[in-house]
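Read through the structure below, which is laid out as structure tokens, and then see the notes.
Here is how names work: the chains are called A, B, and so on, in the same order as the sequence lines, proteins then strands, and each is numbered from 1.
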There are 2 protein chains.
Amino acid sequence: MARRTGRVTATDVAKEAGVSQTTVSYVLNDVSHQKISDGTRRKVLEAVAKLGYEPSAAARALRLGRSDLVLLFLPDVPVGGTLTALVELLGDELERHGLNLVTRRERHAPLKALWRELMPAAVMTAFDVADDDVAGMRAAGIHVVSAGMGPVVAPGVLTVPQTVIGTMQVDRLAATGHTRIGYAAPGDPRLRDFLDLRLDGARTACKERGLEPPVVLEVPLDISAAAAAAEQWHSAVPAVTGVCAYNDETAFALLAGMRRVGLAAPGDLAVIGVDNDKLAPFAVPPLTTIDNNLDVAVGRLARMIVSGVTGQSQPQTPQVSPLTLVVRESA
Amino acid sequence: MARRTGRVTATDVAKEAGVSQTTVSYVLNDVSHQKISDGTRRKVLEAVAKLGYEPSAAARALRLGRSDLVLLFLPDVPVGGTLTALVELLGDELERHGLNLVTRRERHAPLKALWRELMPAAVMTAFDVADDDVAGMRAAGIHVVSAGMGPVVAPGVLTVPQTVIGTMQVDRLAATGHTRIGYAAPGDPRLRDFLDLRLDGARTACKERGLEPPVVLEVPLDISAAAAAAEQWHSAVPAVTGVCAYNDETAFALLAGMRRVGLAAPGDLAVIGVDNDKLAPFAVPPLTTIDNNLDVAVGRLARMIVSGVTGQSQPQTPQVSPLTLVVRESA
DNA sequence: TTGTAGGCGTTATCAA
DNA sequence: TTGATAACGCCTACAA
């Protein structure tokens with residue numbers, strides 16, 4: 001008695017097609033070193049269609065020692081437009097290859113417990129990850145791809161160079177004549193790691209140009225606080241005339257604060273963001289920003305993963321995500 | 001010879017603890033009808049910790065006939081803040097209960113193939129789903145929860161009443177003295193279904209108040225186009241003085257367009273959005289909008305799912321997501 | 001070219 | 001209170 005659950009199994013298909021279950025498996029996975037007669041193949045496929053058979057992912061994973069899951073570990077930061085887009089794009093791309101994306105936040109699950117439990121085909125981390133963790137996963141036959149943010153450049157790593165972001169912001173402000181630079185830091189402490197890197201980039205760029213280091217003020221997503229920061233920059237001596245915002249959200253808040261105290265961009269204070277948020281063109285004035293071109297980066301990541309999983313080991317050269325300046329009116 | 005893969009199995013734990021593999025299973029799942037002596041339990045747990053054992057999700061799923069995956073089907077619309085938040089919140093909540101969220105877009109995968117393949121513990125759909133599909137899943141022991149958008153009110157369904165959104169927008173405009181209403185439709189055709197419902201709500205509200213039906217214009221995320229629409233509303237006879245925007249994005253575009261042609265909100269044209277986007281307070285002027293309180297709604301959904309999966313069948317009463325008006329300055 | 005048989009790691013039934 | 005043992009559905013040497 002096999003049939004206790006309502007599930008249609010490969011054995012059912014075999015019975016329906018009048019062949020052995022082995023043959024069904026061969027047909028479905030079209031094994032290269034096996035010749036299947038056309039008649040047999042057709043019979044099997046018909047039976048599959050007729051019964052509506054779907055292979056059990058669990059059984060397959062158990063047998064193969066790896067599932068068709070791809071684990072995405074995200075840093076524990078508030079999801080902005082950037083990470084959202086990453087998840088969406090990646091999910092779409094992977095599912096096109098029969099892979100399923102499972103997303104987790106760093107904090108909740110110890111990385112190791114999860115990959116051991118799930119036996120994913122690949123793990124991707126959106127932050128730099130400890131070398132021995134990577135080694136463990138690789139040893140278990142899992143393909144690891146990480147999107148680091150630091151200066152690390154290694155095989156299997158796609159680097160989104162956070163420091164360069166800060167540098168590009170300062171470059172733009174300097175190019176438009178600003179010599180006293182401010183930096184608008186976000187309120188959320190969880191963004192600390194990213195902030196430090198971007199800020200580093202900005203500091204370096206200032207130093208290289210012989211400018212004073214940027215004047216860092218916190219600009220939370222609150223108009224009053226943003227207004228206070230704006231005034232502080234504006235009334236400093238010498239006055240800060242251009243501000244790098246941590247991201248577009250912060251830039252929006254800053255612009256709103258400036259408006260409240262009668263300061264205009266870019267005249268009184270130029271503002272440049274990061275992310276090229278969907279709403280950036282509609283800011284007042286339209287927001288100049290840095291676009292991280294995530295769609296391009298994610299395409300590469302997805303390709304790395306897919307080619308890794310499907311065996312054809314890609315060149316695996318280190319990749320750096322392209323950053324572009326989007327000039328509008330605020331800086 | 002068992003050890004071919006590097007995996008630590010329950011058998012390894014048993015050997016280490018000097019008990020049978022069965023006992024390990026009992027301890028780990030603390031089966032209620034089984035008494036385990038404290039000494040045995042301790043030995044097992046120590047062995048688990050020492051070896052770093054993690055149960056195989058695949059084996060478990062195969063044996064149980066259901067995995068710990070929860071399948072989320074999203075409508076094929078551009079992910080706005082709303083859906084993003086939903087995915088994030090739901091994922092966080094579920095992982096707290098050991099469930100893993102897998103997200104798919106409607107278009108790509110036929111619903112049926114996917115749940116048959118994955119044997120998920122639960123399926124959640126962010127749209128109304130065909131009754132026989134639901135029946136099929138329920139028959140397979142899968143818990144189904146859907147977040148419908150229509151007027152359907154059924155057990156296991158959380159309704160986000162899209163029509164009410166339109167109604168509330170008109171209500172607000174009417175309450176502030178507007179009698180000629182406009183409706184700003186988004187450019188993306190994939191939003192059609194949502195649009196129709198929201199627009200219906202707006203139409204109904206107008207009719208009930210004895211107002212003309214809303215003047216519908218398309219406002220894509222493009223300043224020039226938005227400007228043209230704004231002028232058209234403003235110069236109509238009688239002039240449209242208040243506009244319901246499909247969502248906050250559309251509202252931002254509209255406000256930007258108005259600015260370009262010298263129209264001010266709410267004086268020349270009042271604008272009310274939907275979503276309470278993070279950036280809404282920073283619009284010029286700050287955007288009045290409808291908040292769908294997704295966090296609340298998602299909390300309920302997650303609870304429905306978790307309680308369904310863990311067995312304790314919740315009341316399962318139909319739920320309606322709470323909508324609130326957030327008054328700022330644009331309307 | 002097709003079929004037989006064994007095992008992947010778990011849970012659950014039954015006997016000890 | 002504990003331990004053998006049989007599935008769960010699939011893949012894959014190996015035999016026919």
(message) Suppose the criterion is salt bridge (charged side-chain N to carboxylate O under 4.0 Å, His left out): which pairs have a residue in residues 58-71 of chain A, not counting sequence neighbours?
(response) none
Would you kindly give the [atom1]-to-[atom2] distance between [X] and [N], to the nearest whole Å?
| X | N | atom1 | atom2 | result |
| --- | --- | --- | --- | --- |
| A:Glu117 | C:dT10 | CD | P | 11 Å |
| B:Ile36 | D:dG3 | CD1 | P | 9 Å |
| B:Leu62 | C:dT11 | CG | C1' | 10 Å |
| B:Asp30 | C:dA12 | CG | P | 13 Å |
| A:Arg116 | C:dC8 | CZ | P | 19 Å |

Using OP1 and OP2 only, check whether a side-chain N or O of [X] sits under 4.0 Å from [N].
| X | N | value |
| --- | --- | --- |
| B:Thr23 | D:dG3 | yes |
| B:Thr40 | D:dT2 | yes |
| B:Ser20 | D:dT2 | no |

Under 3.5 Å, which N/O atoms of the protein pair with N/O atoms of nucleotides 10-14 of chain D?
residue	atom	partner	partner atom	Å
D:dC10	OP1	A:Tyr53	OH	2.5
D:dC10	OP1	A:Ser56	N	3.3
D:dC10	OP2	A:Ala10	N	2.7
D:dC11	OP1	A:Asn29	ND2	3.4
D:dC11	OP1	A:Arg60	NH1	3.4
D:dC11	OP2	A:Ser25	OG	3.2
D:dC11	O2	A:Arg63	NH1	2.0
D:dC11	N4	A:Gln21	OE1	3.4
D:dT12	O4	A:Thr22	OG1	3.4

(message) Going by side-chain contact (heavy atoms from CB on, under 4.5 Å), name the residues that satisfy it together with A:Ala57, two or more places apart in sequence or in a different chain.
(response) B:Glu117, B:Leu118
(request) For B:Thr103, check side-chain contact (heavy atoms from CB on, under 4.5 Å) against everything at least two apart and list the hits. (result) B:Leu72, B:Leu74, B:Val87, B:Leu101
(request) Any side chain to side chain donor-acceptor pair (under 3.5 Å) involving residues 46-57 of chain B? Give me the pairs, sequence neighbours left out, ordered by first then second residue. (result) B:Glu16-B:Lys50, B:Arg42-B:Glu46
(message) Treating A:His97 as the side-chain partner and A:Val306 as the backbone partner, does any N or O pair qualify as donor plus acceptor under 3.5 Å?
(response) no
(message) Using the salt bridge (Lys or Arg N to Asp or Glu O under 4.0 Å) criterion, which residues pair with A:Asp188? Sequence neighbours excluded.
(response) A:Arg190
